[in-house]
J.: 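The structure that follows is given in the form of structure tokens.
Every chain is numbered from 1, with letters handed out A, B, ... down the list of sequences.
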Number of protein chains: 4
Amino acid sequence: MSALPGGTAQRTARLTALVDPPPVPDASAPTRERLLFAAREVVEAGGYAGASVAAIALRAGVANGTLYRHFGSKAELFVEVFRDVCGREVAAMRAAVDAAGDDHVERVLAPLDLFSRRALQNRSLAWALLAEPVDALVDEVRLEYRRTYRELLSGVLREAIAAGALPPQDPDLTAAGLVGAVGEALVGPVSAAPGPPTATAGVPRRTAADGAHGPAGEDGDPDDALLAELDALCRRATGAAATVRADAPGQPR
Amino acid sequence: MSALPGGTAQRTARLTALVDPPPVPDASAPTRERLLFAAREVVEAGGYAGASVAAIALRAGVANGTLYRHFGSKAELFVEVFRDVCGREVAAMRAAVDAAGDDHVERVLAPLDLFSRRALQNRSLAWALLAEPVDALVDEVRLEYRRTYRELLSGVLREAIAAGALPPQDPDLTAAGLVGAVGEALVGPVSAAPGPPTATAGVPRRTAADGAHGPAGEDGDPDDALLAELDALCRRATGAAATVRADAPGQPR
Amino acid sequence: MSALPGGTAQRTARLTALVDPPPVPDASAPTRERLLFAAREVVEAGGYAGASVAAIALRAGVANGTLYRHFGSKAELFVEVFRDVCGREVAAMRAAVDAAGDDHVERVLAPLDLFSRRALQNRSLAWALLAEPVDALVDEVRLEYRRTYRELLSGVLREAIAAGALPPQDPDLTAAGLVGAVGEALVGPVSAAPGPPTATAGVPRRTAADGAHGPAGEDGDPDDALLAELDALCRRATGAAATVRADAPGQPR
Amino acid sequence: MSALPGGTAQRTARLTALVDPPPVPDASAPTRERLLFAAREVVEAGGYAGASVAAIALRAGVANGTLYRHFGSKAELFVEVFRDVCGREVAAMRAAVDAAGDDHVERVLAPLDLFSRRALQNRSLAWALLAEPVDALVDEVRLEYRRTYRELLSGVLREAIAAGALPPQDPDLTAAGLVGAVGEALVGPVSAAPGPPTATAGVPRRTAADGAHGPAGEDGDPDDALLAELDALCRRATGAAATVRADAPGQPR
DNA sequence: TATGAATGAGAATTCATTCAT
DNA sequence: AATGAATGAATTCTCATTCAT
């Protein structure tokens, strides 16, 4: 869709490589790790609703009680799960920012694009991370994550505004708005089929690698079109469209 | 904040009047109403997690069993709560659109502004209505409501795009993004006090844009500043800023 | 089926006339009667399981509370229902005995035949009367009824034995056995479709002797065949077959 | 009572040995067994009406929730109870048939005698097994059992009829009638102490044939007299008395 | 460390009974 | 007499947590 260097397709090609080494579902891994991994799997498969202690222990191949050897409570286990996942997400986004180089606008859009792609790849988990309510303890971590997330975004926004690459605006609010916009567009619909859809759980439908090819515009892949439209929306919302590129996707003429 | 006719302040002045008569938490009101009201209160106070039949009945001042004289199940009670609240919300937004007259951009921004204001007034409920997962039955209503909501927005967006008042864009995605942006900026932080906060229920607190600054500064009410910034964000996100008004709040130059 | 005077067919023709005037389901009947009738209807339709106070009151066209104006409790209502029905049954059976004249064997078989026919006509009610467990209070009435029933039978049995029309035997045990045999053959299968069959309520279906055969074959109505076989069974069980009639249905040669 | 070889007394002497080892009500037995046993005890004591999960758990000396570790639901627990008991009953009856050798009449009467004896030993349980309505799931098992039961009887009846040892008759109806006769004579009266009697559970009391008389008189145990009379009744009902033995108990001449 | 059976508080729901009108 | 809304104890079932082995 975008013919310019730094368009969504290229960004992905570059950044997917930077992403975390997937956490090992090892067979004879330390029990603690197996539990963390199992908890994540179970949440991805059925949301918190299905994430009973019994289900997690079963998946981890240990007894119920064993969980309490390693975590003070179910909530504490999930706090850790969240920290793990969120940490990785934020790290990947930071990497995306760094990889964007000096282009201020790109430093804003690149992490958003990454966020979109990753959320698209695992809607259930994204839903759980972003919205699904759980325990008070876990919610605190979620808030922490959202805050970190926003701060990262508002940081680059602030720089871009200071550099005149983006128009004056409240960077915190814009950051929040961007996260919300992308989240709603991506995971919101997930909640349509209430909760993280069980039926399609574990069946990774779109993959970034799958659609990571060529200019997205002429591509039939609906996810690519969606990502391109999201990029355009973020561009407009930040004011990047008006100042930087007159021919951005979704722009008049 | 906006010096133009139809700015957020005026809009509110006009529209708040159209809004529903707040349902009475009457003492000796019909039990059915007391239950509906209690259910809403309990959800506002503690989310669905805390909204047990016992809690609702206690709050309504009736016995547990009484609930079942008036509603087939807990889920049916909540369906009704949702329909009540959502119906009012959508009606108010439609009224806001109508009141906006022929100005295409205004017809988009006015309902968003109203949405923001109302969400700001009751964050916990907004959160529950927008995101918190519940029963399948209730989720259906929520989906219905979200769809109606987006359709309303994408409708006016479509008209505005067709009329050339806004740049070409996917109206559905923009609608989702707008809702998400506003929601995140307003209700997302609610989860800060884990779950919809019990203690602070109904006490509007500052959110994302705590460090609000810029042209909205001269306004005393921090919420007004927030709303003004949100208005600017929406303006940019829809492309209204670029095409229509070069001096809108949060715009360069 | 039986060519002899006093065969099952004739007995019925004679006795159906003697039967009680069916209790009036009157519209503006005294409330008390309406409740009794409604209770019976509801039990017939869905067994005790479905016979809630609410269901009965609804059917009677009165409020729940009204029931307690006329009966001390639900159990007391059913005691009365039982007494009504059972009283009528026993009265009809006494009439059948009287109508049988001096034939000792016939005085035993006639009430059994009547019992069979009536149970066949309303299996659900029969099941409820004979077997379905309810309240302690009601069970007492049921026992009373069974006792009366047996006493009536053992009375005529005793006479027949004394007169030499039947071989020596314990009349009480034979009476119990006869009631049980007929009951099992008729209502037992009803419980197959667990509880009184709701769907087929009032629709007399074939029972145990579906593969009826032998001399009863020329009769088209399966119920008639069943009744004939039952008659033969009772004849044998009482010893009537051996002493009185060599050519009775179900008898050798 | 019977002077012939194969009379009820001998049958019992032979067959009681074949009977199941009574399931142990052990103190520190595996919980699952304790629950099964407790369920049976509670049903015997108060019928299904009193067999709440709480009552069973209490009797088993475990918490309510423990039941669900061992059985999927209350109904599944009872299905197992039924299968246990019924399986044993049918097996014992089959053994009784086998032990009866080639005597066709004996092959019919022996299992009935066994049935009588066992029912006499535990009337409450027999009542619950035969008649008391419960859950749909459990009723299926009951139906299964009754069918097996009747098939066993009608099988030997059919053989006996074919061999000319019994007069022509509908074997299915006779089988049902025999079960009903014996059941009524034995378990019917149980409902006297409303519901299966709590206080007298396990205490065999006299039944229908309280006024027992005739040839059984010389026997000391009233239950033996009852069994002898029942044997005579079954003999007559099947036609065995008329065709085979002119001097059977309860027969003239 | 690990186990997994046991726990028990709490969930939604039902229904005979009461009582102010 | 009649109403019918309200009651509240009882039901089955769930699940995070504990603890003896």
J.: Return whichever of C:Val62 or D:Leu67 has its heavy-atom-nearest nucleotide of DNA chain F closer to the 5' end.
T.: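 Upstream on the strand: C:Val62.
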
J.: Output yes when at least one side-chain N/O atom of A:Thr31 is less than 4.0 Å from OP1 or OP2 of E:dA2, else no.
T.: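 Yes, A:Thr31 has a side-chain N/O under 4.0 Å of OP1/OP2 on E:dA2.
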
J.: In the structure I gave you, are the side-chain heavy atoms of A:Glu33 and A:Leu36 within less than 4.5 Å of one another anywhere?
T.: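 A side-chain contact exists here, since the closest heavy-atom pair is under 4.5 Å.
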
J.: Within residues 51-59 of chain B, find the residues that approach DNA chain E with a heavy atom at under 4.0 Å, and present them sorted by residue number.
T.: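 Heavy-atom cutoff 4.0 Å gives B:Ser52, B:Val53.
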
J.: Between the side chain of C:Arg59 and the main-chain N/O of C:Ala38, is any donor-acceptor distance below 3.5 Å?
T.: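 Absent.
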
J.: Looking only at heavy atoms, which two atoms of D:Ala57 and D:Asn64 are closest? And how far apart?
T.: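 Closest approach of D:Ala57 to D:Asn64, heavy atoms only: CB-OD1, 3.6 Å.
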
J.: Reading DNA chain E from 5' onward, which residue's closest nucleotide shows up sooner: D:Arg32 or B:Lys74?
T.: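 That would be D:Arg32.
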
J.: Could you give the CG-to-P distance, from D:Leu77 to F:dT11, as a whole number of Å?
T.: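 That distance rounds to 16 Å.
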
J.: Report yes if a side-chain nitrogen or oxygen of D:Tyr68 is closer than 4.0 Å to either non-bridging phosphate oxygen (OP1 or OP2) of F:dT14; otherwise report no.
T.: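 Checking D:Tyr68 against F:dT14: no side-chain N or O falls below 4.0 Å of OP1 or OP2.
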
J.: Using every non-hydrogen atom in the two residues, find where A:Leu35 and A:Ala60 come nearest and quote the distance to one decimal.
T.: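 Where A:Leu35 meets A:Ala60 most closely, the heavy atoms are CD2-CB, 3.8 Å.
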
J.: Tell me whether the OP1 or OP2 atom of E:dA5 has a side-chain N or O from D:Arg69 closer than 4.0 Å.
T.: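 True: D:Arg69 side-chain N/O within range (under 4.0 Å) of E:dA5 OP1/OP2.
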
J.: Ignoring hydrogens and angles, write down the donor-acceptor pairs under 3.5 Å from the side chains of residues 74-85 of chain D, residues two or more places apart or on other chains.
T.:
| residue | atom | partner | partner atom | Å |
| --- | --- | --- | --- | --- |
| D:Lys74 | NZ | D:Ala51 | O | 3.0 |
| D:Glu76 | OE1 | D:Gly72 | N | 3.2 |
| D:Glu80 | OE1 | D:Arg32 | NH2 | 3.3 |
| D:Glu80 | OE2 | D:Arg32 | NH2 | 2.1 |
| D:Arg83 | NH1 | D:Glu144 | OE2 | 3.0 |

J.: D:Thr66 or A:Asn64: which one's nearest nucleotide on DNA chain E is closer to the 5' end?
T.: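 Closer to the 5' end of DNA chain E: A:Asn64.
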
J.: D:Phe71 has an atom CZ; how far is it from atom P of F:dT14, in whole Å?
T.: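 Answer to the nearest Å: 15 Å.
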
J.: Kindly compute the distance separating OG1 (C:Thr66) from CZ (C:Phe71), expressed to the nearest 0.5 Å.
T.: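 One gets 11.5 Å once the value is rounded to the nearest 0.5 Å.
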
J.: Could you tell me whether the side chain of B:Val62 reaches within less than 4.5 Å of the side chain of B:Leu67, counting heavy atoms only?
T.: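 A side-chain contact is absent here, since even the closest heavy-atom pair is not under 4.5 Å.
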
J.: Calculate, to the nearest 0.5 Å, the distance between atoms CG and OG belonging to D:Leu58 and D:Ser52 respectively.
T.: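 Result: 8.5 Å between the selected atoms.
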
J.: Given a 3.5 Å cut-off on both pairing distances, which stems involving DNA chain E, each at least three consecutive Watson-Crick or G-U pairs, are present, if any?
T.: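 If one scans DNA chain E for consecutive Watson-Crick or G-U pairs, the stems found are E:2-21 with F:2-21.
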
J.: Between atom CD of B:Glu41 and atom CZ of B:Arg34, what is the distance when rounded to the nearest 0.5 Å?
T.: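 Result: 11.5 Å between the selected atoms.
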
J.: Provide, to the nearest angstrom, the distance between the CG atom belonging to B:Leu35 and the C1' atom belonging to E:dA12.
T.: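 These atoms are roughly 15 Å apart.
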
J.: Is any side-chain nitrogen or oxygen of C:His70 closer than 4.0 Å to OP1 or OP2 of F:dA2?
T.: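 Yes, within the criterion.
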
J.: Nearest whole angstrom, please: distance from the P of E:dA11 to the CZ of B:Phe78.
T.: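 Taking CZ of B:Phe78 and P of E:dA11, I get 13 Å after rounding.
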
